[in-house]
Amino acid sequence: MAPERVGILGSGDVGRALGEGFAGRGWDVLVGTRSPEKLEEWTAEVEDASGDGAIAVGSFAEAAAHGDVAVLAVRGEGAEEVVDLAGSENFADTLVLDATNPLDFSVSPPGLLYGGTDSLGERLQARLPDAHVVKCFSTVSNTQMVDPDFEDGTPPMLICGDDDAAKERAEAILVEFGWPGAMDVGDVTASRYLEALVPLWVRVGADLGTYEHAFAVVQ
């Protein structure tokens, strides 16, 4: 049986963490980046450690077309441009895990570039009408995205999106990555509220002196 294939758009901390996570679980990974030459040593290290997984580097378009799962792992301010560079046609029938947030780094601590009546998740879904965008991994540190380890136990990952089957597959990936599952908070418009959590997450982290935390729902 051929390994599952995933394209990672972005080669920063988030893209690398998730790329390593997928490769370590036997997936065939292609990381899309503007600077492939900077990843040669990293990809060699990941392949050595990943066992059956494979990892390669290419363009954003190649990453988007690589499989039927893609991950957007770029800074929020550039996410729409990256999707346009990749070509919306390359995302057709793809589960797009959206790990981005529209953070405004011109202020400290960062706020949102926009919100309340709009979200980056919605903008990305509008740009990718033939794909299924699921907001996922966007409310935790890149260090906790794979094999999470929280002192008080790992909560479900907060996700949202328009397609139920896509969200089910996203949850299966989360479980593969060590999460107990997902909490589905609604359609893609709920991205407004997940993205709005992130400036609060930053402020809480500054108060705690660590960014290894996550928000959980308790009853």
Side-chain angles (χ1 to χ4, degrees), residues 6-19 29-36 38-39 57-107 109-142 145 157-163 166-167 169-170 173 185-202:
V6 59
I8 310 284
L9 285 81
S11 57
D13 291 340
V14 172
R16 293 187 187 206
L18 293 174
V29 181
L30 196 156
V31 178
T33 179
R34 289 187 175 93
S35 304
K38 296 181 180 179
L39 298 181
V57 178
S59 68
F60 291 131
E62 289 170 329
H66 186 63
D68 63 356
V69 178
V71 180
L72 284 173
V74 296
R75 284 179 66 142
E77 61 192 12
E80 293 174 273
E81 177 189 4
V82 166
V83 164
D84 290 345
L85 287 171
S88 62
E89 68 279 3
N90 288 318
F91 291 92
D93 300 318
T94 297
L95 163 62
V96 179
L97 299 175
D98 171 22
T100 66
N101 285 295
L103 294 177
D104 178 5
F105 289 101
S106 69
V107 295
L112 291 175
L113 292 170
Y114 44 80
T117 59
D118 194 9
S119 69
L120 187 50
E122 290 170 88
R123 293 185 179 200
L124 294 171
Q125 183 63 82
R127 271 180 153 76
L128 301 173
D130 297 320
H132 308 295
V133 174
V134 176
K135 180 69 73 173
C136 186
F137 296 114
S138 62
T139 56
V140 297
S141 167
N142 63 280
M145 291 178 177
M157 174 73 73
L158 299 171
I159 68 169
C160 69
D162 288 340
D163 187 87
K167 288 188 282 191
R169 189 165 189 202
I173 291 170
V185 298
D187 63 22
V188 75
T189 64
S191 295
R192 304 173 188 182
Y193 314 113
L194 294 186
E195 292 169 5
L197 277 178
V198 178
L200 176 62
W201 179 89
V202 172

Item to check | For Val185 against Cys160, the heavy-atom pair lying closest together | outcome: CG2-CB, 3.9 Å
Item to check | Donor-acceptor under 3.5 Å (Glu62 side chain, Ala65 main chain) | outcome: no
Checklist entry - Is there any side chain to side chain donor-acceptor pair (under 3.5 Å) pair reaching into residues 7-17, and which pairs are they, with sequence neighbours excluded? => result Ser11-Thr33
Checklist outcome for this item: Closest heavy-atom pair, Pro109 versus Val202, reported as atoms and distance to 0.1 Å, is CB-CG1, 4.3 Å
Item to check | Check against side chain to side chain contact (heavy atoms under 4.5 Å, CB included), His66 and Val29 | outcome: CA-CA 8 Å; His66 186 63; Val29 181; 6.0 Å; no
Checklist entry - Is there a donor-acceptor pair under 3.5 Å between the side chain of Asn101 and the backbone N or O of Ser138? => result yes
Next on the checklist: Counting C-beta onward and ignoring hydrogens, is there a side-chain heavy-atom pair between Leu9 and Phe91 closer than 4.5 Å?
Outcome noted: yes
Next on the checklist: For Val14 versus Ala73, what's the shortest heavy-atom pair and its separation?
Outcome noted: CG1-CB, 3.7 Å
Next on the checklist: Pair Leu120, Tyr114 - check side chain to side chain contact (heavy atoms under 4.5 Å, CB included), show working.
Outcome noted: CA-CA 8 Å; Leu120 187 50; Tyr114 44 80; 3.3 Å; yes
Checklist entry - How long is the span from the CG atom in Asp104 to the CG atom in Leu113, to the nearest 0.5 Å? => result 5.0 Å
Checklist entry - Say you draw a straight line from CG of Leu72 to CZ of Phe60; how long is it, rounded to the nearest 0.5 Å? => result 9.5 Å
Checklist entry - Any side-chain heavy-atom pair from Tyr193 and Ser119 closer than 4.5 angstrom? => result no
Next on the checklist: Any carboxylate oxygen within less than 4.0 angstrom of a Lys/Arg side-chain nitrogen, looking at Glu195 and Arg123?
Outcome noted: no
Item to check | Note, Leu112 side chain near Leu103 side chain (heavy atom, < 4.5 Å) | outcome: yes
Next on the checklist: Less than 4.5 Å apart, side chain to side chain, heavy atoms only: is that true for Leu97 and Phe137?
Outcome noted: yes
Checklist outcome for this item: Between Val57 and Leu30, the two heavy atoms sitting closest are C-CD2, 4.2 Å
Next on the checklist: Under the criterion side chain to side chain contact (heavy atoms under 4.5 Å, CB included), I'd like the reasoning laid out for Glu122 against Val133: C-alpha separation, chi angles, the key distance, then a yes or no.
Outcome noted: CA-CA 9 Å; Glu122 290 170 88; Val133 174; over 6 Å; no
Next on the checklist: Under a 3.5 Å distance rule, please check whether Lys167 uses its side chain to pair with a backbone N or O of Ile159 as donor and acceptor.
Outcome noted: no
Checklist entry - Would you say Lys135 and Val188 make side-chain contact, with heavy atoms under 4.5 Å? => result no
Checklist outcome for this item: Which of Leu18, Leu95, Val134 passes side-chain contact (heavy atoms from CB on, under 4.5 Å) with Ile173? It is Leu95
Checklist entry - Would you call Val96 and Leu124 a side-chain contact if the rule is heavy atoms closer than 4.5 Å? => result no
Checklist entry - Shortest non-hydrogen contact from Arg192 to Asp118? => result CG-O, 3.5 Å
Next on the checklist: Return the CZ to CZ distance between Phe105 and Arg75, rounded to the nearest 0.5 Å.
Outcome noted: 4.5 Å
Checklist outcome for this item: For Pro199 and Pro110, the nearest pair of non-hydrogen atoms, with its separation, is CB-O, 3.6 Å
Next on the checklist: Nearest 0.5 angstrom please: Thr139 OG1 to Leu197 CG, how far?
Outcome noted: 7.0 Å
Checklist entry - Between atom CG of Leu194 and atom SG of Cys136, what is the distance when rounded to the nearest 0.5 Å? => result 10.0 Å
Checklist entry - Can you tell me how far the CD atom of Glu77 sits from the OG1 atom of Thr100, to the nearest 0.5 Å? => result 11.5 Å
